[in-house]
Amino acid sequence: VSGKTQIDEELFEELEETLITADVGVETSVQLVDKVRERTKKEKLSSAEELQEVLKEEIALLLSEGNHQLDVAKGRLNVILVVGVNGVGKTTTIGKLGYSLKQQGYKVMVAAADTFRAAAIEQLQTWCQRGGLELIHHHEGADPAAVVYDALQAAQSRKVDVLLIDTAGRLQTKTNLMEELKKIRRIIDRESGDGPREVLLVLDATTGQNALSQARLFSEATGVTGVILTKTDGTAKGGVILGIQNEYKLPVKYLGFGETIDSLREFIPEEFSASLLT
Amino acid sequence: NISEKIQAIFKNLRGKGKLTEKDVQAAMREVRLALLEADVSYKVVKEFINKVTERAVGSEVLESLTPAQQVIKIVHEELTQLMGGTQSKISLAAKPPTVVMMVGLQGSGKTTSSAKLARHMKKQGKSPLLAACDVYRPAAIKQLQVLGEQLDIPVFSLGDKQSPVDIARGARAHAEKNGFDLVILDTAGRLHIDEELMEELAQIKQQCHPQEILLVVDAMTGQDAVNVAEKFNQTLGLDGVILTKLDGDTRGGAALSVKAVTGQPIKFTGMGEKLDALEPFYPDRMASRILG
Ligand SMILES: Nc1nc2c(ncn2[C@@H]2O[C@H](COP(=O)(O)OP(=O)(O)OP(=O)(O)O)[C@@H](O)[C@H]2O)c(=O)[nH]1
Ligand SMILES: Nc1nc2c(ncn2[C@@H]2O[C@H](COP(=O)(O)OP(=O)(O)OP(=O)(O)O)[C@@H](O)[C@H]2O)c(=O)[nH]1
Ligand SMILES: [Mg+2]
Ligand SMILES: [Mg+2]
C-alpha cells in the first residue's frame, strides 16, 4: 500500500487492487474492503497502516475457519486420496507428505493410481525411493481402480498407518475422468471401513479464478476435506484460497514451497495473510 | 453472459444517436468485472477499459445495431485486435537445423507440448529431434522418451548427470550430423525469480541460437501471468507463446495479459492430453471466451 498516510476513497481502491492482483477475486476483495470500511468508521481509524492491519486481521480470521490439521491417527488405516488438475504438484507433494509423515513415526505406503500419464509411475517411484516409502504399483495402462484395491488390501494386511493415493491429473470438467475418480472413492469407502480420512485437493498457487471451479467440481465428485497449495515459492500469492474457504469451506492443510522432499510446511493463517499483503 | 448484462444496462435507453459517457461507463463496469473474473491482469484491464471507453463515447450507433450491441461490438473488436492474429508458424532457420526452445513454469505443459509440436512439424514434412534437457525432475527424460516412442520421433538424451547446456549443444550437433532439420529443446520447469535457472536458459540460448523461444503458459494462470511473462521475455526475448489446458472451463484471461506485456503472438493452444491436441490460436474465439 502506497506511502499515503491519510484515509480516502483512493486508499480503499488501493487495498482492493492489492487483493485482486493477489488472485483474491473481485467478489471476495469487495467484501473484505467493505469490512475494512466498516471497521474504519467504527474504530475511528486514521492511518493507512491501521487499515492494512485491519485487513490483515480480517483475512487471517477468514482463513482460521475449519480444521487445518491433517486427520490422521495411530491405531487405524488412514487413507488419503490426492486429487487435482494436471501439473499442479500432486505426485511431488505425495513424496513430501509421505516423507514428513514417516519422520513423524507413521508407517506410510503409497499407491500409484496414475496409470495413464507417461512415466508417472517412474516419477512416483523415484520420490518413494528418496523418502524410503513403500509403493504399490501396476504398469502403465493398468486399471487405476485395481491399483487402489490392491493398495488397500496390502495396507490393511501390513498394518500401515497412512496410505497416500496418487491419481492422474484431470480437468474438473472432464465427466468421464471425474467418474473414474468417483469409482476410486467408492472402492475406498467399501474396502476401508469408514472411507478416506482425507481427500486433498492440490491447487497451484499460480491459478486464478478457475480454482473455484476446481474446488466445486472436485468436491461434488469425491468430497474434498482440505487443500494443499503448491508453488508458493513463486511470486503468485494464492489468494484464491480465500474464496474457496468462503464458498466451499475448504481449509488449507499444507503449503508446498519448492521441489525438494522437505519443502512442505503447515498452513498458518496469520503468516499467509501477512504475505498476501506484501 | 456479458452480452446479456450489457443489454440489461441499455434496455431503458430509448432511441439511438450517440453513446453518452454515462451509458458507456455503466457498460464498462460490467466489462471490467468480466475481464477480472477471467483472470486478465488488473493493469491490463485498466488500460483496456480506458481505450475502449475513449472509442465508444460519442460514437454513432450504427443503423443496424442497438446501443448495447454497439458497445459489445467495440469491446469484442478491441479485444480480438489485442489478441493478435493467427500466427501458428514456426520460423525456420536459413541453414538447418531449426532450434525451438520450450520454456516456462513448473507443470505448465512443456514436455507434452514439445511432443505435440514435434508431431505437428513431422506432419508438415519436417524431420524433428526431441531433446531431453530437464535433468532435475524425476523421470522427466523417461517421460519425453515415452512420448517420442509413441510418435516414432527420436529423443536425444545424455542422461541426467550432464548439464542442460551441454545436452542442448549435443542435440544440435547430433541433428546436424544426422540430417534432422528441427530440434525441440524440452527444458525443466523453473520459477522466473530463480536467477541461477534463468541464467541456465540464457546460456542455452547463447550457445544454441534458437529460432524460436516459446513460453508455455497454463491457461488457468491468474494475475501472476504478467510477472512470469515479463521476466522470461526480459531474460530471453520470447518469440511466441503456447497456451495449454484450454480444454477445460478456464476463461483464459492470462492470454491477454501475456500478449499485452510481451507483444508476442500466441502461436498454439493445448486442447487436451493426447499428442494430437495442439491447435492454432484463434484470437476472436479467445476474445469471446475471455469475455464470457
Ligand atoms: N517451485 C515449485 N515447484 C513445484 C512444487 N510442487 C511441485 N512442483 C513442480 O511442479 C511440476 C509438476 O509436479 P507434479 O508432481 O508432476 O504434478 P502433478 O499434479 O502430479 O502432475 P500430473 O500428474 O501430470 O497431473 C514438477 O516440476 C514439480 O517439481 C512447489 O511447491 N514449488
Ligand atoms: N488437459 C490437458 N492437459 C495437459 C495439456 N498439456 C499438458 N497437459 C497435462 O499437464 C500435465 C503437465 O504436463 P507436462 O508436459 O509434464 O508439464 P511440464 O511443463 O513439462 O512440467 P515440468 O517439466 O515439471 O515443468 C500433464 O498431466 C499433462 O498431460 C493440455 O493441453 N490439456
Ligand atoms: Mg502426477
Ligand atoms: Mg517437463
Side-chain angles (χ1 to χ4, degrees), chain A residues 16-27 29-30 85-92 95 116-127 129-130 140 168-174 177 204-214 217 230-231 233-240 258-259, chain B residues 32-33 36-43 45-46 105-112 115 136-150 188-194 217-228 231 244-254 270 272-273:
Chain A
E16 201 178 276
E17 177 174 354
T18 303
L19 292 175
I20 292 175
T21 54
D23 285 317
V24 173
V26 177
E27 189 175 326
S29 299
V30 167
V85 302
N86 307 71
V88 294
K90 299 176 292 302
T91 303
T92 307
F116 167 73
R117 209 210 66 216
I121 298 172
E122 285 87 340
Q123 182 187 8
L124 190 55
Q125 261 170 334
T126 306
W127 280 111
Q129 280 161 13
R130 286 179 184 177
E140 191 174 307
R170 68 205 67 217
L171 299 185
Q172 67 277 22
T173 47
K174 308 245 159 154
L177 297 181
D204 186 327
T206 65
T207 307
Q209 298 310 302
N210 192 253
L212 291 158
S213 165
Q214 293 173 26
L217 294 177
T230 62
K231 309 181 196 173
D233 44 323
T235 52
K237 298 289 187 175
V240 288
E259 302 185 73
Chain B
R32 174 179 178 271
L33 193 59
L36 288 175
E37 284 174 348
D39 293 321
V40 180
S41 138
Y42 191 92
K43 288 207 164 41
V45 172
K46 205 166 186 186
L105 294 183
Q106 291 89 346
S108 59
K110 297 174 294 301
T111 303
T112 309
Y136 309 106
R137 169 174 157 154
I141 296 172
K142 184 89 215 291
Q143 183 186 5
L144 192 62
Q145 285 171 333
V146 170
L147 297 180
E149 242 168 82
Q150 287 175 7
R190 68 205 63 213
L191 297 177
H192 51 299
I193 52 172
D194 187 326
V217 177
D218 192 323
M220 62 184 181
T221 309
Q223 296 288 316
D224 201 43
V226 277
N227 302 326
V228 178
K231 200 74 209 308
T244 63
K245 309 177 203 172
L246 267 171
D247 44 317
D249 65 350
T250 186
R251 296 267 288 279
E273 290 193 75

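Below, chains carry the letters A, B, ... as their sequence lines are ordered, and counting in each starts from 1.
- Interatomic distance, CZ of B/Arg32 versus CD of B/Glu37, reported as 10.5 Å (0.5 Å rounding).
- The side-chain contact (heavy atoms from CB on, under 4.5 Å) test with B/Thr244 singles out one residue from B/Val217, B/Asp218, B/Thr112, and that residue is B/Asp218.
- No other option in A/Gly239, A/Gly208, A/Gly89, A/Gly25 has as many heavy-atom pairs under 4.5 Å with chain B as A/Gly208.
- Within the 4.5 angstrom heavy-atom criterion, atoms from both the backbone and the side chain of B/Asp247 approach chain A.
- Heavy-atom distances place no part of A/Val240 under 4.5 Å from chain B, backbone and side chain included.
- Remark: the backbone N or O of B/Tyr42 is not paired with any side-chain donor or acceptor of A/Glu17 at under 3.5 angstrom.
- Side chain to side chain, A/Asp204 and B/Gln106 fail the donor-acceptor criterion of an N or O pair below 3.5 Å.
- Under the 4.5 Å side-chain criterion, counting only non-hydrogen atoms from C-beta, B/His192 is in contact with B/Asp224.
- Within the 4.5 angstrom heavy-atom criterion, only side-chain atoms of B/Leu105, from C-beta onward, approach chain A.
- Within the 4.5 angstrom heavy-atom criterion, atoms from both the backbone and the side chain of B/Asp249 approach chain A.
- For B/Glu149, the CD atom is loosely surrounded, since the number of other residues' heavy atoms within 6.0 Å does not exceed 12.
- Of the atoms belonging to A/Thr173, it is side-chain heavy atoms, and not backbone ones, that fall under 4.5 Å from chain B.
- Heavy-atom distances place the side chain of B/Glu273, and not its backbone, under 4.5 Å from chain A.
- Interface remark: A/Thr235 contributes backbone and side-chain atoms alike to the contact with chain B (heavy atom separation under 4.5 Å).
- In this structure, CG on B/Leu147 lies 10.5 Å from NZ on B/Lys142, to the nearest 0.5 angstrom.
- Taking chain A as the reference chain and counting heavy-atom pairs below 4.5 Å, the highest number among B/Ile141, B/Leu191, B/Val146 is found for B/Leu191.
- Side-chain N or O atoms of A/Lys90 include one that pairs as donor or acceptor with a backbone N or O of A/Val85 at under 3.5 Å.
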Checklist entry - Taking it one step at a time, do A/Gln172 and A/Asn210 satisfy side-chain contact (heavy atoms from CB on, under 4.5 Å)? => result CA-CA 10 Å; A/Gln172 67 277 22; A/Asn210 192 253; 3.1 Å; yes

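- Considering only heavy-atom pairs separated by less than 4.5 Å from chain A, the leading option among B/Ser108, B/Pro138, B/Gly107 is B/Pro138.
- Heavy-atom pairs under 4.5 Å with chain B peak, among A/Ile121, A/Asn86, A/Val26, at A/Asn86.
- Interface remark: A/Lys237 contributes no atoms to any contact with chain B (heavy atom separation under 4.5 Å).
- A distance of 10.5 Å separates CG in B/Leu36 from CZ in B/Arg251, rounded to the nearest 0.5 Å.
- Your options are B/Met220, B/Lys245, B/Lys43, and the one with the most heavy-atom pairs under 4.5 Å with chain A is B/Met220.
- Contacts between A/Glu140 and chain B at a heavy-atom distance below 4.5 Å involve the side chain alone, from C-beta outward.
- Each of A/Arg117, A/Glu122, A/Gln123, A/Glu259 has some count of heavy-atom pairs under 4.5 Å with chain B, and the biggest count is that of A/Gln123.
- Neither the backbone nor the side chain of A/Glu27 comes within less than 4.5 Å of any heavy atom of chain B.
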